A.B. asks: 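Let me give you the structure first, and then I'll get to my questions.
Basis for what follows: all heavy atoms, side chains included, without hydrogens, waters or symmetry-related copies. Everything numeric in this text was worked out from a predicted model, so none of it was measured.
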Amino acid sequence: MLGIMGAMKVEIDEVVSKMSRVNRYEIGSCWYNHGYIEGKELVVVCCGIGKVNAATVATTLLHKFECTSLINIGVAGGVGAGIKIGDIVLSSRCVQFDVVVDNTNGGALGIVDKFESAYIECDQALVSKIEKTIQGMNIACRIGVVATSDKFIADSKVLKDLTAKFAPQAVEMESGAIAQVCALYKVPFCTIRTISDTADEHAEGDFASNMRQTAKISCEILKRFVVGK
């Protein structure tokens, strides 16, 4: 069964609205929507913003609902030349760029305990299937690194440093934690993020004005993927 996560209600509403035979379960502070889209079974949940919320819900999806793959949908800040609001970024790898476990010799930035690299690989077969779904939708799509921290990024200087270290295509606040959980349990994972802002000094205003419309784009991609269109 497929598990779908979004940090905010607006990021999952469009998917839930298309589900049938829905049963809702309250676990912790979250509501898990179990149902079907054109006969395909899935669980959709708003996990809340931030890495701890995301990791908690991801673990619940794997153990309580026995999900065999997870997809994170929602919005993100875009990074890199030419990226525009409304573009899609699919995660090839995720990194938690605010993690420093070992401060020896300046620290190993982004390397989470139990992992040898800062980059946590996403499931390439899942990424490829989602990419094929996007083809023909007249949406610009990039596959690349998605960078996660527990801070909303709205600073071009931070972006410059982040780009030099990890070369991400998008920044947000959940995917790295979900990727970590899925890697530990060997469950396929990918994130579908629509760019709502460019993570610079204009980010907060752009995010607020574009959030609802851009969130609908990743929802539409997810719906098409689920039904195999």
Side-chain angles (χ1 to χ4, degrees), residues 2-8 11-12 15 47 49-51 53-55 57-58 61-62 67-80 82-99 110-112 115 117-135 137 139-150 152-153 159 162-163 165-199 214-215 217-222 224-226:
L2 178 63
I4 307 298
M5 301 173 58
M8 298 175 289
E11 294 176 318
I12 66 165
V15 177
C47 65
I49 296 169
K51 294 196 292 182
N53 284 331
V57 168
L61 285 170
L62 298 186
C67 291
T68 54
S69 59
L70 297 186
I71 297 177
N72 175 220
I73 62 174
V75 298
V79 185
I83 198 161
K84 302 185 297 298
I85 291 170
D87 288 355
I88 289 291
V89 174
L90 301 181
S91 59
S92 59
R93 300 185 290 177
C94 293
V95 60
Q96 297 178 58
F97 66 90
D98 58 350
V99 170
I111 299 181
V112 180
F115 290 81
S117 169
Y119 296 107
I120 300 176
E121 299 291 329
C122 296
D123 187 80
Q124 299 309 304
L126 188 58
V127 172
S128 295
K129 289 178 182 178
I130 297 170
E131 183 186 22
K132 289 180 181 178
T133 299
I134 296 170
Q135 292 173 356
M137 292 182 67
I139 300 172
C141 176
R142 301 180 182 214
I143 298 174
V145 176
V146 173
T148 300
S149 77
D150 271 318
F152 183 86
I153 303 300
L159 280 185
L162 181 59
T163 299
K165 287 183 171 69
F166 298 114
Q169 296 290 298
V171 292
E172 40 82 284
M173 300 177 67
E174 294 82 31
S175 291
I178 306 169
Q180 179 182 344
V181 171
C182 288
L184 290 171
Y185 287 101
K186 296 180 173 57
V187 172
F189 167 73
C190 175
T191 190
I192 307 171
R193 291 282 181 160
T194 311
I195 301 305
S196 60
D197 59 84
T198 49
T214 50
I217 298 173
S218 52
C219 281
E220 179 60 29
I221 292 168
L222 188 279
R224 294 188 181 208
F225 170 77
V226 169

A.B. asks: Could you tell me which residues satisfy salt bridge (charged side-chain N to carboxylate O under 4.0 Å, His left out) with K129, sequence neighbours excluded, listed by chain and number?
C.D. replies: none

A.B. asks: Could you report the tightest heavy-atom contact between I217 and G86, atom names first, then the distance?
C.D. replies: CD1-O, 4.0 Å

A.B. asks: Give every donor-acceptor pair under 3.5 Å between a side-chain atom in residues 165-176 and any protein atom, sequence neighbours left out.
C.D. replies:
residue, atom, partner, partner atom, Å
K165, NZ, D161, OD1, 2.6
K165, NZ, D161, OD2, 3.0
Q169, OE1, R142, NH1, 3.2
E172, OE1, T148, OG1, 2.6
E172, OE1, E174, N, 3.4
E172, OE1, S175, N, 3.4
E172, OE2, S175, N, 2.9
E172, OE2, S175, OG, 2.5
E172, OE2, R193, NE, 3.2
E172, OE2, R193, NH2, 2.8
E174, OE1, R193, NH2, 3.0
E174, OE2, G50, N, 2.9
S175, OG, N72, OD1, 2.9
S175, OG, T191, OG1, 3.0

A.B. asks: Give the intermediate values and the outcome of side-chain contact (heavy atoms from CB on, under 4.5 Å) for residues I83 and V89.
C.D. replies: CA-CA 9 Å; I83 198 161; V89 174; 3.9 Å; yes

A.B. asks: Using the test side chain to side chain contact (heavy atoms under 4.5 Å, CB included), find all partners of N53 that sit at least two apart in sequence or belong to another chain.
C.D. replies: none

A.B. asks: Walk me through whether T68 and V187 qualify under side-chain contact (heavy atoms from CB on, under 4.5 Å).
C.D. replies: CA-CA 6 Å; T68 54; V187 172; 5.8 Å; no

A.B. asks: With D98, which residues qualify under side chain to side chain donor-acceptor pair (under 3.5 Å), at least two apart?
C.D. replies: K51

A.B. asks: Spell out, as yes or no, whether a donor-acceptor pair under 3.5 Å connects the side chain of S91 to the backbone of R93.
C.D. replies: no

A.B. asks: With sequence neighbours left out, write down each residue that passes side chain to side chain contact (heavy atoms under 4.5 Å, CB included) with L2, or none if nothing qualifies.
C.D. replies: I4, L42, S69, I71, F225, V226

A.B. asks: Give the intermediate values and the outcome of side-chain contact (heavy atoms from CB on, under 4.5 Å) for residues C219 and I73.
C.D. replies: CA-CA 7 Å; C219 281; I73 62 174; 4.0 Å; yes

A.B. asks: Which distance, rounded to the nearest 0.5 Å, do you find between the CG of L126 and the SG of C190?
C.D. replies: 5.0 Å

A.B. asks: Kindly indicate, with the supporting measurements, whether the criterion side-chain contact (heavy atoms from CB on, under 4.5 Å) is fulfilled by I195 and V75.
C.D. replies: CA-CA 6 Å; I195 301 305; V75 298; over 6 Å; no

A.B. asks: Is a side-chain donor or acceptor of T194 paired with a backbone partner of S218 at a separation under 3.5 angstrom?
C.D. replies: yes

A.B. asks: If the condition is ring-ring contact (aromatic ring centres under 6.0 Å, His included), which residues does F115 pass it with, not counting sequence neighbours?
C.D. replies: none

A.B. asks: Give, for atom CD1 of I120 and atom OG of S92, the distance between the pair rounded to the nearest 0.5 Å.
C.D. replies: 12.5 Å

A.B. asks: How many angstroms lie between atom CD1 of I143 and atom OG of S128, to the nearest 0.5 angstrom?
C.D. replies: 6.5 Å

A.B. asks: Between atom CD1 of I134 and atom CD1 of I221, what is the distance when rounded to the nearest 0.5 Å?
C.D. replies: 4.0 Å

A.B. asks: Rounded at 0.5 Å granularity, tell me how far CG in D87 sits from SG in C141.
C.D. replies: 9.0 Å

A.B. asks: Could you tell me which residues satisfy salt bridge (charged side-chain N to carboxylate O under 4.0 Å, His left out) with E131, sequence neighbours excluded, listed by chain and number?
C.D. replies: none

A.B. asks: Once you round to the nearest 0.5 Å, how far does CD of E11 lie from CD1 of I192?
C.D. replies: 12.0 Å

A.B. asks: Minimum heavy-atom separation for C182 to L70, with atom names?
C.D. replies: SG-CD1, 3.6 Å

